[in-house]
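Just follow the structure's listing: the first ligand is 1, and inside any ligand the first atom is 1. The first residue in the sequence is number 1, and the count goes up from there. No experiment lies behind these values; they were computed from the predicted model shown.
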Amino acid sequence: MHRELFPILDQQVYNHPLVYLDNAATTQKPLSVVETMSDYYLHQNSNIHRGAHHLAEQATERYEAVRRQVQQFIGAAHSHEIVFTRGTTESINLVAASFGQQFLRAGDEVVVSEMEHHSNIVPWQLACQRQGARLRVLPFDDDGILQVDQLASLLNEHTRLVAVTQVSNTLGTVNPLQEIIATAHQHHIPVLVDGAQGIAHIPIDVQALGCDFYCFSAHKMYGPMGVGVLYGREEWLDQMPPYQGGGEMIKEVRFDGTTYNELPFKFEAGTPAVAEVLGLGSAIDFMQQVGVETIARHEQELLAYATAQLQQIDGMRIFGNAPHKTSVVSFLVGDAHPYDVGTLLDKLGIAVRTGHHCTQPVMDHYGIPGTVRASFAIYNTKEEVDELIRALERIVPMLG
Ligand code: PMP
């Protein structure tokens, strides 16, 4: 669907039509997003919030309009709860550093899950090391289902935060956030949600969900690289110290003491990625025009079709068999190394991801070095799934 809006898809790779199935790493960008960004540079470029001139005012207005657009898109109560960052990784690092400094003390605990991306593990390890706190881990079972019934037993009076992914980028599992958040909140513990793999596939309402922080990247939702969002509830962001110092995040700077700007500017030091923020706004327009439900339905069809076809292949092992998944399927075939499978698929024009997908604990769980991962977006087709299956049928015998 809507392939004509994505010119990049119309090309040959090694004399084969490109089949792009690496959407969980990054989605392609529709023309409208690229044009929004080039239009900004061609006609409006200027630094925001500072200049008392026409272009600066226009750029500032458009940048702030996207903040309100994001607020509505994710159902936040206030636009000042939307902080623009470089992406999910920076959003999580911001909270780990700032929340960690304010609320984590020696002997405290942070809970993450076994299926987290490294970017929702390492920032917490760093924060725990700095503060003398400890990381605890909620496991998943062999089907890739989080053992949420064990969460309550991990929580105690020392737990300061639960950080969990909405969707596993390796297993595709959609986690029961409502249940996780309810359990944590019963213990008065805030919850950070890594929405990197959720935002493009699941309609999100942060207030209905009740999460305290929600993080995502524009580039996984048809938008540009280099920009993302941290949503944080006002009551938390207000209590948290600045993450980086610099221009725009201050009220007054004196050598005997500096005061900080109000939300969200307290967390946006320096010149932001204005063109990218506008590109994010355009990506949200695209998703809303197509409809998040329509995107999800199309991807679910592709996932079901691909899973059924893959299961027909001899020696196929699929990792992640939760009943509720998004459009990610990770697999290994026979004894073939995932890297070899990926390389041969590439020679046939098929782009997949191979390796540990920045989730080494998931690989350790299964005792494997990595997987091959195919992931789908709105523009993928059943014919492309057929191409993948045909290619695998050719490749697998070659790899013994
Ligand atoms: N969390 C998850 C679940 C992801 O899939 C990714 C990207 N692979 C990230 C976090 C990090 O996102 P980014 O690299 O855009 O900061």
Is Cys358 close enough to touch ligand 1? Criterion: a residue heavy atom under 4.0 Å from a ligand atom.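 Contact check Cys358 vs ligand 1: negative.
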Contact with ligand 1 for Lys220, non-hydrogen, under 4.0 angstrom: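 The answer is yes: ligand 1 sits under 4.0 Å from a heavy atom of Lys220.
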Provide the number and element of each atom of ligand 1 under 4.0 Å from a heavy atom of Ala196.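 Within the 4.0 Å cut-off of Ala196, ligand 1 contributes 1 (N), 2 (C), 4 (C), 6 (C), 9 (C), 10 (C).
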I need the atoms of ligand 1 closer than 4.0 Å to a non-hydrogen atom of Ser217, numbered in the order shown.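 Numbered from 1, ligand 1 contributes 12 (O), 13 (P), 15 (O), 16 (O).
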Looking only at distance, does Thr165 have an N or O less than 3.5 Å from an N or O of ligand 1?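 In fact, backbone or side chain, Thr165 has no N or O that close.
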Ligand 1 to Asp194 polar contact by distance, N or O atoms, under 3.5 Å: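 The answer is yes, given that Asp194 and ligand 1 share an N or O pair closer than 3.5 Å.
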Check the pair Asn380, His298 against side-chain hydrogen bond (donor to acceptor under 3.5 Å, both in side chains), reporting the backbone distance first and the verdict last. CA-CA 9 Å; Asn380 289 123; His298 177 72; over 6 Å; no
Evaluate whether atom CZ of Arg394 has more than 12 neighbouring non-hydrogen atoms of other residues, nucleotides or ligands under 6.0 angstrom away.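 Incorrect, the count does not exceed 12.
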Please determine whether the number of non-hydrogen atoms from other residues, nucleotides or ligands lying under 6.0 Å from atom CD1 of Ile313 exceeds 12.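 More than 12 within 6.0 Å, yes.
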[atom]: the protein heavy-atom neighbour that sits closest, reported with distance to 0.1 Å:
{"atom": "atom 5 (O) of ligand 1", "value": "Gln197 NE2, 2.7 Å"}
{"atom": "atom 10 (C) of ligand 1", "value": "Ser119 OG, 3.1 Å"}
{"atom": "atom 4 (C) of ligand 1", "value": "His117 CD2, 3.3 Å"}
{"atom": "atom 14 (O) of ligand 1", "value": "Thr89 OG1, 3.7 Å"}

If you measure from each non-hydrogen atom of His219 to ligand 1, which part falls under 4.0 Å: side chain, backbone, both or neither?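 Near ligand 1, His219 shows its side chain, while the N, CA, C and O stay back.
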Report, one line per pair, each donor and acceptor closer than 3.5 Å where one atom sits in a side chain of residues 283-296; sequence neighbours left out.
residue	atom	partner	partner atom	Å
Asp285	OD1	Gln69	NE2	2.8
Thr294	OG1	Val290	O	3.2

Are the aromatic ring centres of Tyr63 and His49 under 6.0 angstrom apart?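 Ring centroids of Tyr63 and His49 are less than 6.0 Å from each other.
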Less than 4.5 Å apart, any side-chain heavy atom of Phe103 and any of Val110?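 In short, these two side chains do not touch, never coming nearer than 4.5 Å.
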Take the angle between the ring planes of His365 and Phe140 and call it parallel below 30°, perpendicular above 60°, tilted in between.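 If you compare the ring of His365 with that of Phe140, the planes turn out parallel.
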How far does CG of Leu155 sit from CD of Glu157, to the nearest 0.5 angstrom?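 Interatomic distance, Leu155 CG to Glu157 CD, rounded to 0.5 Å: 11.0 Å.
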